[in-house]
**Student:** 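The structure that follows is given in the form of structure tokens.
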There are 2 protein chains.
Amino acid sequence: MAAAIDATPTTLPEDLFLDVDRTSAIPLYFQIATRIEQAIVDGRLAPGARLENEVTLGQRLNMSRPTIRRAMQELVNKGLLVRRRGIGTQVVHGPVTRKVELTSLYDDLDRGGQRPATNLLVHEIVPADDVVADRLSIAAGEPVLHVRRLRLSDGVPLAVMENYLPEDYTDLTADALASRGLYQLLRGRGTQIRVAQQRIGARAATAEESRLLEIKRSGPVLTMDRTAYDTFGKAVEYGHHCYRPDNYSFEITLVNN
Amino acid sequence: MAAAIDATPTTLPEDLFLDVDRTSAIPLYFQIATRIEQAIVDGRLAPGARLENEVTLGQRLNMSRPTIRRAMQELVNKGLLVRRRGIGTQVVHGPVTRKVELTSLYDDLDRGGQRPATNLLVHEIVPADDVVADRLSIAAGEPVLHVRRLRLSDGVPLAVMENYLPEDYTDLTADALASRGLYQLLRGRGTQIRVAQQRIGARAATAEESRLLEIKRSGPVLTMDRTAYDTFGKAVEYGHHCYRPDNYSFEITLVNN
DNA sequence: CAGTGGTCTAGACCACCGT
DNA sequence: CGGTGGTCTAGACCACTGG
């Protein structure tokens, strides 16, 4: 008979897979994963609910088991599903949150319904010093674009951002940088960020930072150093950012595989 | 003939796959991934080096393409390899760093060759208040273990850590908590952490924190709030940690898939 | 054009879990 | 024991890249 493991014998996700398009350029596993994810965040699949097993779901959808399996694996990697051998697949208990993604502060604010604005403080082309050259994996002295920006959200200063970009990007204009996020501009040029290394820390604000961020002298600031690489593995950006800690923090979801 | 894309025509990882054990309980894809990863961190595979393609490597090792592919995918997810359709697989340019893993401060220090120590400041069983109950997904008033610890590294105070654990773990002894890391103790009880949500921020230290951490009054501290869940999706631990920013920071590698 | 990774299929055997 | 996920095989077709 059906095993009664968790007060829910065997939940079968109702057929909301009706609109899967086998001719679409979107991979099947991705279409499946997206629909299950939607059902979870919508609450149609409650925390702890057991999913149909991989084999029978594949049969119902006329898909092979590896395809179904990959769809579920995507959600396991996002922390939405939990699988246990001999038991089955469940929606994770506890709060359902977004996975960490590689986005920019500008995107985050924009999506959050806030109105981001940028004051461009510095915009110059300079030879790379040793630190910048090291981070960007270029030779010291090569020209880099140096920008320093103050990011505001609904008029409140939020972050001082200092960035260095290699020669390929030295033609980014001041206008563009003042009106859009850096990553937005990079995407617009066809640059896709694939890997980024960040270091998050804290320290006392410098005199200039406290003035720009309108916080107490030597008050605490949250700092982030980042180097971002494109799909070619080439360093695209090195940045040192400095955030007002009362208005910003980093959220991270870690998943053990 | 062979395409010359990056000054390295087609690098074939020398046969350091001689010791793969097909009878081992360790999955083949994992054995392959581990050996390639080792070659990368050892420097035997330089940044930017092109790897042999999936098909021929599989033939050489008498393994199917999906198995080889999975091994490489593991390393792509860790940010060590980059794959591009029509091009091939390369070791990522730039510095090679470990992926973020779900470890504890104690483990990090221990692995780093430092001598971690713990002062147990508070060890009590109390009814959960509203905040703790919410984070642990239990009812307010249920008994929880509350511990407050000062972590030192080579005698230098590094972090003040406040943690709450649900009823199942209220029998953790003071001795155990003073001599080992929390996650180490949980692992020893068979509890495996699967998902954790963290929020990293900064603020001024409280009077007690500055005394314990031996830093300036109201000096900046790095803070981390975390809720960890086991493989069942059950909340296992809620913690609020407070770090000396001159001695600690968070390193994170993000990967876009 | 030939080479590469991206996706998908249709099976197979095994390890682990609960009854 | 039956059911589940974990792994592996041996193919196939496609999309994209470079020359």
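In this text, all values refer to a predicted model and were calculated from it rather than measured experimentally. Excluded from the calculations below are hydrogen atoms, water molecules and symmetry mates; all remaining heavy atoms, backbone and side chain alike, are included. Residue numbers begin at 1 in each chain, while the letters A, B, ... track the order of the sequences.
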**Student:** What's B:Arg69 touching, base or sugar-phosphate or nothing? Going by heavy atoms closer than 4.0 Å.
**Tutor:**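 Base: the residue B:Arg69, judged by heavy atoms under 4.0 Å, touches a nucleobase.
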**Student:** Send over the distance from A:Arg50 CZ to C:dG18 P, rounded to a whole Å.
**Tutor:** 11 Å
**Student:** Does OP1 or OP2 of D:dT9 have a side-chain N or O of B:Arg22 closer than 4.0 Å?
**Tutor:** yes
**Student:** Using whole Å, report how far CG of A:Leu28 lies from P of C:dG6.
**Tutor:** 17 Å
**Student:** Which atom pair, heavy atoms only, marks the closest approach of A:Ala174 to A:His123?
**Tutor:** N-NE2, 3.7 Å
**Student:** Do any side-chain nitrogens or oxygens of B:Arg83 fall under 4.0 Å of OP1 or OP2 in C:dT4?
**Tutor:** no
**Student:** Ignoring backbone atoms, test whether B:Thr89 places a side-chain nitrogen or oxygen under 4.0 Å from the OP1 or OP2 oxygen of C:dG5.
**Tutor:** yes
**Student:** Nearest to the side chain of B:Pro66 - D:dG11, C:dG11, C:dT7?
**Tutor:** D:dG11
**Student:** To check you understand the geometry: which heavy-atom pair defines the closest contact between B:Arg226 and B:Met224, and what is its length?
**Tutor:**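 So the minimum-distance heavy-atom pair works out to CB-SD, 3.5 Å.
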**Student:** OP1 or OP2 of C:dG11 sitting under 4.0 Å from any side-chain N/O of A:Ser64?
**Tutor:**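 No, because none of the side-chain N or O atoms of A:Ser64 sits under 4.0 Å from OP1 or OP2 of C:dG11.
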**Student:** Could you pick out which residue, A:Gly86 or A:Asn62, lies toward the 5' side of DNA chain C when each is mapped onto its nearest nucleotide?
**Tutor:** A:Asn62
**Student:** For residues B:Tyr238 and B:Val144, determine if any side-chain heavy atom of one lies less than 4.5 Å from a side-chain heavy atom of the other.
**Tutor:**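 No. Closest side-chain heavy atoms not under 4.5 Å.
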**Student:** Once you round it to whole Å, what is the distance between P of C:dC8 and CZ of A:Phe30?
**Tutor:** 12 Å
**Student:** Taking OP1 and OP2 of C:dT7, is either one under 4.0 Å from a side-chain nitrogen or oxygen of A:Tyr29?
**Tutor:**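 Yes, because at least one side-chain N or O of A:Tyr29 sits under 4.0 Å from OP1 or OP2 of C:dT7.
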**Student:** In whole angstrom, what separates B:Ile87's CD1 from D:dG19's P?
**Tutor:** 8 Å
**Student:** Mind calculating the distance between CE (A:Met72) and P (D:dG6) to the nearest angstrom?
**Tutor:**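 Between P of D:dG6 and CE of A:Met72: 11 Å.
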**Student:** Starting from the C-alpha separation in whole Å, work towards a yes-or-no answer on side chain to side chain donor-acceptor pair (under 3.5 Å) for A:Thr23 and A:Asp21.
**Tutor:** CA-CA 5 Å; A:Thr23 70; A:Asp21 179 5; 2.7 Å; yes
**Student:** If you pin B:Arg85 and A:Arg65 to their nearest nucleotides in DNA chain D, which one's is more 5'?
**Tutor:**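 Whichever sits nearer the 5' end wins; that is A:Arg65.
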**Student:** Which whole-number value in Å describes the distance from B:Gln90 CD to D:dG18 C1'?
**Tutor:**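 Distance check: B:Gln90 CD to D:dG18 C1' gives 14 Å.
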**Student:** Between A:Ala128 and A:Val132, which heavy-atom pair has the shortest distance, and what is it?
**Tutor:**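 Smallest heavy-atom distance, with atoms named: CB-CG1, 4.1 Å.
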**Student:** Does OP1 or OP2 of D:dT4 have a side-chain N or O of A:Asn53 closer than 4.0 Å?
**Tutor:** yes
**Student:** Atom CZ of B:Arg84 and atom C1' of D:dG18: how far apart are they, to the nearest Å?
**Tutor:** 11 Å
**Student:** Using whole Å, report how far CD of A:Gln59 lies from C1' of D:dT4.
**Tutor:**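 Roughly 14 Å, once rounded to whole Å.
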